[in-house]
> 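Structure incoming, see below.
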Number of protein chains: 2
Amino acid sequence: MDIKIIDVARTAKVSPTTVSRVLNNSPLVKQRTRDSVLKVIEELNYVPHAAAKNLRLQKTMTIGIIVSDIKVSYNADIVKGIQNKAYSEKYKIVICDTQNDMEIEREYLRLLMDRSVDGLILIATMLTEQEITGIADRGYAVGIIGRSIEHDKVLNVHTDNVKAAKEAVEHLIAQGHREIVFLSGYPNAKDSFDRLEGYIKALSAHDIPFRPELVENGNFNKSGGYEAIKRLTFKGALFTAVFSANDEMALGVYEICHEMGRTIPEELAIIGVDNDRVSKYLSPSLSTIDQPKYEMGFMLADKLIRYMNGDFKQPRLTILESRLLIRRSSDYPRKGISSSE
Amino acid sequence: MDIKIIDVARTAKVSPTTVSRVLNNSPLVKQRTRDSVLKVIEELNYVPHAAAKNLRLQKTMTIGIIVSDIKVSYNADIVKGIQNKAYSEKYKIVICDTQNDMEIEREYLRLLMDRSVDGLILIATMLTEQEITGIADRGYAVGIIGRSIEHDKVLNVHTDNVKAAKEAVEHLIAQGHREIVFLSGYPNAKDSFDRLEGYIKALSAHDIPFRPELVENGNFNKSGGYEAIKRLTFKGALFTAVFSANDEMALGVYEICHEMGRTIPEELAIIGVDNDRVSKYLSPSLSTIDQPKYEMGFMLADKLIRYMNGDFKQPRLTILESRLLIRRSSDYPRKGISSSE
DNA sequence: TTGTATGCGTTATCAC
DNA sequence: GTGATAACGCATACAA
């Protein structure tokens, strides 16, 4: 049987209350008493029982994280940021990996509505806006990454995807490209949608007509990227560059280019998004948009913890800067184009 | 305020006991009653309070995972395996990322001794054997990956590192290599030690003298691998192949080879261990030993859950097979050597 | 400065 | 089949 507070109290010849006070650093316990209690705690190896404490205090010092796939380095970076902030504030984290399955995500959500966490962070969630605000209405602190929710109880950190995408596409344009493919992610992903908007803005800023047939869906994964380029090629589309809404899809583009003998960047330039761990090891190294993933996780955890502790006045939304990393996959000016264009 | 079991009981005009019975699928409640209670639960959106349940039942249906770095793809794979098994058995997981810091690891361990988890899995832990068995003695189920502990309460899953390493080195020998460097990990890491043993066995099986000066430490990380090869080269050591105790160090070898203009595999062959996500994307692709990481996590979680539910008769230790993946980094026979050698 | 008594929300024991 | 009640281990209001 485990040691309980009453056992400590008895061997230290004080009341449970006093032991509790020592445990919680209450100032109103005499130094001598404190020392002797501390000694007994040490001797008996006493640890307060979490469930009892949680029940009494009505909080768990735990943050739940619902994430689509912990193996994706983008997600892992974010989780790491959350984790480190949480640790520094004495919070624990429970991870729920949904494997991109909406039913599993719902199931986890149900599982977490039992007050076993004080707050919840959703990374690239597929839940409806209504479901998300519902969590907040139930009294949970909610933070989101990878989507925008307009609700005064939902905290939010993201980067300006429109701006970053525009910058990336403008870089391609500056290299002399005019037929640029946009590879999109899940149809309803806000990230992907914003990047499309940036793509269109870049084109229009340089008087290049937007051609919907150059937009192809790749579902954010490698085979999706592969198939998308295959489809475009099969349709006879002509293009000299690809802006992929994430690096993962770019991997598929590399693969099919390799199969078709189309060289990167000479015959096809490409830029991804995420600065995935593999991107710099590819041949050629992949240009990409680097988002401050770790910081996003860290900041969101910070906001969430503040919120859980009563600070409701902080900004609901924080926007961080991402930056374009030009690597070899897009570093090849088309002939006849000077840098002044 | 949250809805409690008493609220459900009142609006359903039954006792809390009956509601509890319905919740826990007790057979001794009339179908009519069950239905009406279920309806009220649905209407009120009632969810049982975890802390109260945990306190009463003295268990949390939660597994704690202490891991050195969740970003390392090797660890992420294992965690994913654990997670999936846990989910299927209705367990949650809390992740503690120690960032390879022993003090943080200890701190987390303390944090988890409050009965907030029913069992604990340690991945590549740096704790002493005594500390680990201490956890088991406190009544926690304990599982370990990446190390062997002889204790009848500590569950264990790993691969035969000696055998796998021997096979890898023999592949290099078959390619005509005789001066083979072994890049070791942390000095006290069992994995690394076993791989060294396999390396030595392979040499001896082919009458190649073991030369301690070809063993160099790289601390399991990229810069360690880089520095190790630098040191060896500086000392004037001659070698045509490297067996690296993990892929991460091999990245450093790639880097310094690139700087020194030494081509892989023609001038230096290399094999790693882990089948890290990046390994196949490198140029040239990296030969490596693939461990069934996901399965290891999955199986260990399975064992742990069984153990927590009273099955103490299962084998304490399970050994899984790993396999050698020959890729381009080691695929270049030395001249004058026939495959019969 | 310390101690006593109560309640957090649930499940299990026992009685009806 | 169903219900009243005690207990899980802790922190706090109130008393001393």
Side-chain angles (χ1 to χ4, degrees), chain A residues 1-38 40-41 44-62 90 111-118 138-139, chain B residues 1-38 40-41 44-62 90 111-118 138-139:
Chain A
M1 199 47 212
D2 283 0
I3 304 290
K4 317 185 271 197
I5 199 170
I6 183 74
D7 302 315
V8 176
R10 276 205 262 268
T11 65
K13 299 195 200 318
V14 294
S15 74
T17 309
T18 300
V19 178
S20 175
R21 288 199 180 102
V22 171
L23 250 15
N24 296 291
N25 293 311
S26 162
L28 29 78
V29 46
K30 198 164 56 176
Q31 190 59 39
R32 257 183 62 85
T33 322
R34 176 185 305 281
D35 290 342
S36 79
V37 169
L38 246 18
V40 173
I41 289 175
L44 299 185
N45 236 310
Y46 167 71
V47 180
H49 194 287
K53 206 167 167 167
N54 294 347
L55 179 57
R56 179 62 230 239
L57 262 28
Q58 296 291 25
K59 65 173 181 177
T60 60
M61 298 297 282
T62 304
K90 307 223 173 283
L111 215 60
L112 291 180
M113 297 311 280
D114 64 358
R115 294 283 153 196
S116 58
V117 299
D118 300 334
R138 268 182 171 254
Chain B
M1 200 46 214
D2 283 0
I3 304 292
K4 316 185 271 199
I5 199 169
I6 184 73
D7 301 315
V8 176
R10 275 205 261 268
T11 64
K13 297 194 201 317
V14 295
S15 74
T17 308
T18 300
V19 178
S20 176
R21 287 200 180 99
V22 171
L23 250 15
N24 297 289
N25 293 313
S26 161
L28 29 79
V29 46
K30 197 163 56 175
Q31 190 59 42
R32 258 184 60 86
T33 322
R34 177 186 306 282
D35 290 343
S36 80
V37 170
L38 247 19
V40 174
I41 289 175
L44 299 186
N45 236 309
Y46 166 71
V47 179
H49 194 288
K53 206 168 167 167
N54 294 347
L55 179 58
R56 179 63 230 231
L57 263 28
Q58 297 290 27
K59 64 172 183 178
T60 60
M61 298 299 282
T62 305
K90 306 221 174 285
L111 214 61
L112 292 180
M113 297 312 280
D114 64 358
R115 294 283 152 197
S116 58
V117 298
D118 300 334
R138 267 182 172 254

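Protein chains get the first letters and strands the later ones, always in sequence-line order, with residue 1 at the start of each. Computed from a predicted structure; not experimentally measured.
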> Please state how far atom CD1 in B/Ile6 lies from atom P in C/dG9, giving the value in whole angstrom units.
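These atoms are roughly 11 Å apart.
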> Would you kindly give the CD1-to-P distance between B/Ile5 and D/dT2, to the nearest whole Å?
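So the two atoms are 15 Å apart, to the nearest Å.
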> When you measure from the side chain of A/Asp35 to the backbone N and O of A/Arg32, does any donor-acceptor pair fall under 3.5 Å?
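No; judged by distance alone, with no hydrogens or angles, the pair does not exist.
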> Where each residue is assigned the nucleotide of DNA chain D containing its nearest heavy atom, which of A/Val19 and B/Ala52 is assigned the position nearer the 5′ end?
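Closest to the 5' end, via its nearest nucleotide, is B/Ala52.
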> Does a side-chain N or O of B/Tyr46 approach OP1 or OP2 of C/dT10 to a distance below 4.0 Å, or not?
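True: B/Tyr46 side-chain N/O within range (under 4.0 Å) of C/dT10 OP1/OP2.
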> At their closest point, which heavy atom of B/Ser116 faces which heavy atom of B/Thr62, and how far apart are they?
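The answer is O-CB, 3.7 Å.
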> What parts of residues 7-18 of chain A reach DNA chain D, counting only heavy atoms under 4.0 Å away?
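Per residue number, the list reads A/Thr17.
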> Could you check how far CG of B/Leu23 sits from P of C/dT11, rounded to whole Å?
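In whole Å, C/dT11 P and B/Leu23 CG are 6 Å from each other.
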> Rounded to whole angstrom units, what separation is found between the CG atom of B/Asn54 and the P atom of C/dA12?
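Rounding to the nearest Å, CG of B/Asn54 and P of C/dA12 are 13 Å apart.
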> So, using side chain to side chain donor-acceptor pair (under 3.5 Å) as the criterion, who are the partners of B/Thr60 when residues are at least two apart?
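Expected list: B/Asp118.
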> Could I get the full list of side chain to side chain donor-acceptor pair (under 3.5 Å) partners for A/Arg138, not counting sequence neighbours?
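A/Arg138: side chain to side chain donor-acceptor pair (under 3.5 Å) contacts with B/Asn45.
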> Can you see if the side chain of B/Gln58 gets near the phosphate of D/dA7 - specifically, an N or O under 4.0 Å from OP1 or OP2?
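So the side-chain polar atoms of B/Gln58 never come under 4.0 Å of the phosphate oxygens OP1 or OP2 of D/dA7.
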> Got a sec, which residues hit side chain to side chain donor-acceptor pair (under 3.5 Å) with A/Thr18, two or more places apart in sequence or on another chain?
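Residues passing side chain to side chain donor-acceptor pair (under 3.5 Å) with A/Thr18: A/Ser15.
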> Quickly work out the A/Arg21 CZ to D/dA11 P distance and round it to whole Å.
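So the CZ-P distance, A/Arg21 to D/dA11, works out to 12 Å.
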> Could I get the full list of side-chain contact (heavy atoms from CB on, under 4.5 Å) partners for A/Leu44, not counting sequence neighbours?
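A/Leu44 satisfies side-chain contact (heavy atoms from CB on, under 4.5 Å) with A/Ile3, A/Val8, A/Thr11, A/Val40 only.
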> Of the candidate nucleotides D/dC8, C/dT11, C/dG9, which contains the atom at the shortest distance from the side chain of B/Lys4?
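My answer, after comparing the listed nucleotides, is C/dG9.
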> Name all residues meeting the salt bridge (charged side-chain N to carboxylate O under 4.0 Å, His left out) criterion together with B/Asp114; count only those two or more places apart in sequence or in a different chain, and write none if there are none.
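Here the qualifying residues are A/Lys92.
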> At their closest point, which heavy atom of B/Ala51 faces which heavy atom of A/Asn54, and how far apart are they?
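For B/Ala51 versus A/Asn54, the nearest heavy atoms are CB-CB, 3.6 Å.
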> How long is the line joining NZ of B/Lys53 and C1' of D/dA7, in whole Å?
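It works out to 17 Å between those atoms.
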> Look at the side chain of B/Arg56 and decide which nucleotide, out of C/dT13, D/dA13, D/dA6, has an atom nearest to it.
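For the B/Arg56 side chain, the nearest candidate turns out to be D/dA6.
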> Of all residues at least two apart in sequence or in a different chain, which pass the side-chain contact (heavy atoms from CB on, under 4.5 Å) check with A/Asn25?
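Result, side-chain contact (heavy atoms from CB on, under 4.5 Å) vs A/Asn25: A/Arg34.
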> Going by the rule side-chain contact (heavy atoms from CB on, under 4.5 Å), which residues pair with B/Ser36 if we only count those two or more places apart in sequence or in a different chain?
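Per chain and number, B/Ser36 pairs via side-chain contact (heavy atoms from CB on, under 4.5 Å) with no residue.
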> Check whether the side chain of A/Arg115 and the base of C/dG9 form a donor-acceptor pair under 3.5 Å.
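A donor-acceptor contact between them is absent.
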> Checking all strands, does B/Leu57 fall into the base, sugar-phosphate, or nothing category for heavy-atom contacts under 4.0 angstrom?
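Touches sugar-phosphate only.
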> Whole angstrom is fine here: how far is it from CD1 in A/Ile3 over to P in D/dC8?
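Interatomic distance, CD1 of A/Ile3 to P of D/dC8: 15 Å.
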> Grab the two heavy atoms, one from A/Met113 and one from B/Val47, that are nearest each other, plus how far apart they are.
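For A/Met113 and B/Val47, the tightest heavy-atom pair comes out as O-CG1, 3.4 Å.
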> Heavy atoms within less than 4.0 Å of DNA chain D: which residues of residues 24-32 of chain A have one? Give them sorted by number.
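Of all residues in residues 24-32 of chain A, the ones placing a heavy atom under 4.0 Å from DNA chain D are A/Asn24.
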> Using atom CG of A/Leu55 as one end and atom P of D/dA7 as the other, report the distance to the nearest whole Å.
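Taking atom P of D/dA7 as the reference, CG of A/Leu55 is at 17 Å.
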> Would you mind telling me which of C/dC8, C/dT2, D/dA11 lies closest to the side-chain atoms of A/Thr33?
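Looking only at side-chain atoms, A/Thr33 lies closest to C/dT2.
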> Using the C1' atoms of the five pairs at each end, what is the angle between the end axes of the helix from C/dT1-D/dA16 to C/dC16-D/dG1, to 10°?
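Overall, the helix from C/dT1-D/dA16 to C/dC16-D/dG1 bends by 40° from one end axis to the other.
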> How close do A/Pro16 and A/Ile6 get, counting heavy atoms only, and between which atoms?
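Smallest interatomic distance, heavy atoms only, reads CG-CD1, 3.8 Å.
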